[in-house]
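Have a look at the structure below before the remarks.
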There are 2 protein chains.
Amino acid sequence: MQITLKDIARMADVAESTVSRALNDKPGVGRETKLKILKIAKENNYRPNQLARGLAAKKTNMLAVIMAEMDSPGNIEIVKSIEKAAEKQGYQIILCNTNNQEEKEKSYLSLLESNQVDGAIFIGGKLVGSHLLRASFSQENAIVLVNRLAEENFFTSVLTDYSQGIYRAVEHLGKQGFKKIALVCGDKDDLIEEEKISGYKKALSDAGLELNDDLIFSTAADRQAGYDVFLEIIEGDVIPDAFISTRELTTIGLVEAIKMGGYFIPDDFAVVGYGDNNLTSVIDPPLTVLSEPVEKLGQYSLEFLLKLIKEEMDSQQIKVLTPELIIRESSISKYN
Amino acid sequence: MQITLKDIARMADVAESTVSRALNDKPGVGRETKLKILKIAKENNYRPNQLARGLAAKKTNMLAVIMAEMDSPGNIEIVKSIEKAAEKQGYQIILCNTNNQEEKEKSYLSLLESNQVDGAIFIGGKLVGSHLLRASFSQENAIVLVNRLAEENFFTSVLTDYSQGIYRAVEHLGKQGFKKIALVCGDKDDLIEEEKISGYKKALSDAGLELNDDLIFSTAADRQAGYDVFLEIIEGDVIPDAFISTRELTTIGLVEAIKMGGYFIPDDFAVVGYGDNNLTSVIDPPLTVLSEPVEKLGQYSLEFLLKLIKEEMDSQQIKVLTPELIIRESSISKYN
DNA sequence: CAAAGTTTCGCAAGCGCTTGCGTAAATTCC
DNA sequence: GGAATTTACGCAAGCGCTTGCGAAACTTTG
């Protein structure tokens with residue numbers, strides 16, 4: 001059996017409450033007593049039962065980060081940034097991977113509902129809001145959304161300005177002389193994807209380029225999808241001369257397919273990818289990418305979450321961060 | 001305020017115990033009553049407080065996966081495999097990233113000690129055992145180690161046979177005619193790394209190749225380290241003609257450096273990497289790798305953990321899995 | 001139809017901790 | 001040196017749930 005507060009109290013010959021106060025560094029315990037208690041606790045390798053503690057205190061100092069895709073290196077970076085910030089504030093982070101399954105999202109949500117964590121940050125996931133919003137807890141619980149749009153501005157969010165990012169990518173490709181720029185994004189119903197498409201369209205228009213809806217492709221977010229979409233594209237009617245691929249893994253697959261097909265980047269197809277991860281600079285040629293402000297996404301989301309928890313802020317705060325376009329060889333036209 | 005068991009009990013006009021039993025599908029509740037309770041609970045969107053539940057029942061149906069490196073795609077795959085298996089068994093997984101910090105490892109360990117999770121799987125991490133072993137809880141708690149050697153065979157473990165893997169890699173390179181095969185691994189004091197080195201040495205000897213200790217390089221496990229070590233190597237006295245790089249990110253960095261230096265793979269340097277991830281096949285040329293049995297590592301570790309929890313097994317079980325050598329262009333000699 | 005068995009349910013203790021409140025002891029003040 | 005504070009500590013309730021036990025209601029038997 002685990003050793004408990006009560007045991008320590010008995011050994012130190014004081015009341016449980018005193019032990020509790022001593023251990024939690026709360027006032028109302030004499031110096032002598034406190035030292036004695038701490039000593040005994042240490043000697044006996046006492047570990048408070050966090051469940052009981054959480055139950056009684058109604059807080060756990062733990063935060064959940066619930067992410068839709070663990071494969072995406074960018075998301076990992078966001079998590080690391082959150083962890084770093086959380087550590088400073090004395091919070092522990094637990095990660096939950098939903099694999100884009102709504103089912104799992106709900107189940108992890110129960111961590112929040114049942115007070116096992118004091119707050120939660122959602123990273124990505126397109127199953128936006130619907131059930132979240134409906135659920136009553138939404139008002140009472142501390143939730144921050146990262147890169148995830150809800151229908152209503154209901155939740156505090158930290159967002160990457162995809163529209164702006166894509167706009168710049170198109171602009172850049174336009175200047176390089178590319179005419180038929182394809183956009184490879186996700187499900188068009190998704191709000192985030194709509195954003196991307198809107199930036200894309202606006203940029204095309206501003207650059208005086210023709211818009212062709214057939215050059216907008218929706219795929220899943222994995223590598224295979226990127227591979228497959230290229231095969232589909234070269235079979236199609238309109239062959240692009242440049243790609244903007246807006247998810248990390250999809251980009252890898254796309255590049256892979258282009259090379260497997262015997263084509264050259266950027267000579268046959270220019271490519272602008274998404275997310276400046278470990279891969280992009282190793283790929284041949286080095287990839288031009290929209291670099292997500294991962295560090296800041298993490299920092300802001302944690303900052304907001306803590307404020308929500310401490311009730312120093314009300315909901316609906318929204319922060320938008322702009323991705324940076326990092327230009328490498330994959331998008332530089334040889335005719336330039 | 002959250003709605004509680006007591007509230008439901010009042011509404012249904014039954015005792016709390018009855019509600020508890022109904023909700024948990026335990027016998028002793030009439031069909032009628034049960035239906036009524038379930039209905040009311042649903043209508044009121046009742047969520048049991050898992051803290052209280054865990055406290056009372058002494059189990060939480062949650063497992064922790066504590067990993068040393070979140071960047072490594074192979075580890076992510078292991079986690080996903082664990083999650084998949086856990087889901088079938090009705091367990092929830094929470095992830096904890098230690099970033100190789102012993103400090104954090106301890107702190108996450110408290111999840112176990114304080115009964116917030118029923119068991120824990122450690123993935124990687126070189127800060128082997130020391131404090132774990134000493135701590136008294138080790139006997140009582142369900143812990144499984146993945147790819148992590150402890151000094152004593154104290155914990156149930158699932159391991160990749162690095163020695164065997166490296167052996168095959170050397171053998172392969174030897175057959176291809178490479179003579180000066182360098183090994184890029186981690187800290188030599190680490191048991192896991194000792195394993196790798198032993199496989200390396202044995203293979204060299206069996207292949208009739210000369211062993212040169214100067215061809216064994218210890219680096220950190222990140223990409224930068226891989227990059228740097230190459231720069232160091234080409235400045236050195238003995239220039240290898242092939243590399244075996246035993247960590248995923250390090251391999252990326254190494255390849256990057258080789259290419260940046262204007263060298264060609266495999267003509268100037270053959271490369272055998274580690275971990276068959278999203279990157280390896282996109283790299284130019286496609287990388288020969290030792291592929292970790294990630295799926296199985298996950299499956300076995302979860303299986304063992306559940307057995308430990310259910311006390312169907314005692315500790316010290318060890319399972320060793322062999323990595324597969326996937327041969328691609330990066331290690332094929334042009335003179336062959 | 002009474003005895004025996006079975007079901008259904010409530011009572012109450014308890015999981016390990018926190019915290020408001022009250023009292024005894026130690027400290028301060030004039 | 002006694003009243004007024006302040007400090008140190010214990011008491012006990014309570015966090016929301018589970019579970020062993022016993023009582024009441026119901027069903028089955030010969």
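Just so we're on the same page: letters track the sequence lines, and every chain starts at 1.
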Discussion item. When you measure from the side chain of A:Ser157 to the backbone of A:Val146, do you find a donor-acceptor pair of N or O atoms at a distance under 3.5 Å?
Written reply: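 Between the backbone of A:Val146 and the side chain of A:Ser157 there is no qualifying donor-acceptor contact (under 3.5 Å).
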Fill in: Sidechain-backbone polar pair: B:Asp118 side chain, B:Lys59 backbone, donor-acceptor under 3.5 Å
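No, B:Asp118 side chain to B:Lys59 backbone: no donor-acceptor pair under 3.5 Å.
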What is the separation between atom [atom1] on [X] and atom [atom2] on [N], rounded to the nearest whole Å?
X: B:Arg31; N: D:dC26; atom1: CZ; atom2: P; result: 19 Å
X: B:Lys26; N: D:dG20; atom1: NZ; atom2: C1'; result: 11 Å
X: B:Leu23; N: D:dT18; atom1: CG; atom2: P; result: 8 Å
X: B:Asn24; N: D:dC17; atom1: CG; atom2: C1'; result: 9 Å
X: A:Lys58; N: C:dT19; atom1: NZ; atom2: C1'; result: 13 Å
X: B:Gln116; N: C:dG16; atom1: CD; atom2: P; result: 14 Å
X: A:Arg21; N: D:dC11; atom1: CZ; atom2: P; result: 12 Å
X: B:Lys59; N: D:dC17; atom1: NZ; atom2: P; result: 16 Å

Which nucleotide in the set [options] lies at the smallest distance from any side-chain heavy atom of [X]?
X: B:Ala52; options: D:dG16, C:dT18, D:dC9; answer: D:dG16
X: A:Thr33; options: D:dC17, D:dC9, C:dG16; answer: D:dC9
X: B:Leu55; options: C:dC9, C:dT18, D:dG16; answer: D:dG16
X: B:Ala57; options: D:dC17, C:dT18, D:dT18; answer: D:dT18

Worksheet entry | Pair A:Asn147, A:Glu292: side-chain N/O donor-acceptor within cut-off below 3.5 Å |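 Note: A:Asn147 and A:Glu292 side chains meet the donor-acceptor criterion.
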Fill in: Between A:Thr60 and A:Gln50: side-chain donor-acceptor atoms closer than 3.5 Å
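Absent: no donor and acceptor within the cut-off.
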Discussion item. Quick check on side chain to side chain contact (heavy atoms under 4.5 Å, CB included): which of B:Val158, B:Leu159, B:Thr160 does B:Leu321 satisfy it with?
Written reply: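 Of B:Val158, B:Leu159, B:Thr160, side chain to side chain contact (heavy atoms under 4.5 Å, CB included) with B:Leu321 is met by B:Val158 alone.
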With a 4.0 Å cutoff (strictly under), does any side-chain N or O of [X] reach OP1 or OP2 of [N]?
X: B:Arg53; N: D:dG16; value: no
X: A:Tyr46; N: C:dC17; value: yes
X: B:Asn115; N: C:dG16; value: no
X: B:Asn49; N: D:dC15; value: no

Discussion item. Under 4.0 Å, heavy atoms only, any strand: does A:Glu16 hit a base, just the sugar-phosphate, or nothing?
Written reply: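 If one applies the 4.0 Å heavy-atom cut-off, A:Glu16 turns out to touch a base.
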Worksheet item: With sugar-phosphate meaning primed atoms plus P, OP1 and OP2, does B:Pro48 contact a base, only sugar-phosphate, or nothing at under 4.0 Å between heavy atoms?
Response: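 Sugar-phosphate contact only - B:Pro48 comes under 4.0 Å of backbone atoms but never of a base.
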Discussion item. Base of D:dG16, side chain of B:Arg47 - is there a donor-acceptor contact under 3.5 Å?
Written reply: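 No, no donor-acceptor pair under 3.5 Å.
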Practice prompt. Working to the nearest 0.5 Å, report the span between NZ of B:Lys58 and CG of A:Leu51.
Written response: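 Between B:Lys58 NZ and A:Leu51 CG, I get 9.5 Å after rounding to 0.5 Å.
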Worksheet item: Start at the 5' end of DNA chain D and walk down; is the nucleotide closest to B:Ala56 or to A:Gly28 reached first?
Response: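 On the 5' side of the pair lies A:Gly28.
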Fill in: Nearest-nucleotide comparison on DNA chain D, the residue closer to the 5′ end among B:Ser17 and B:Leu51
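It is B:Leu51 whose nearest nucleotide is closer to the 5' end.
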Worksheet entry | All salt bridge (Lys or Arg N to Asp or Glu O under 4.0 Å) counterparts of B:Asp222, not counting sequence neighbours |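 Salt bridge (Lys or Arg N to Asp or Glu O under 4.0 Å) check on B:Asp222 returns nothing, list empty.
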Worksheet item: Is the shortest distance from a Lys or Arg side-chain nitrogen in A:Lys36 or A:Asp13 to a carboxylate oxygen in the other one below 4.0 Å?
Response: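 Salt bridge absent between A:Lys36 and A:Asp13.
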Worksheet item: Using a heavy-atom distance cut-off of less than 4.0 Å, which residues of residues 5-15 of chain A contact DNA chain D?
Response: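 Nucleic-acid contacts, sorted: A:Asp13, A:Val14, A:Ala15.
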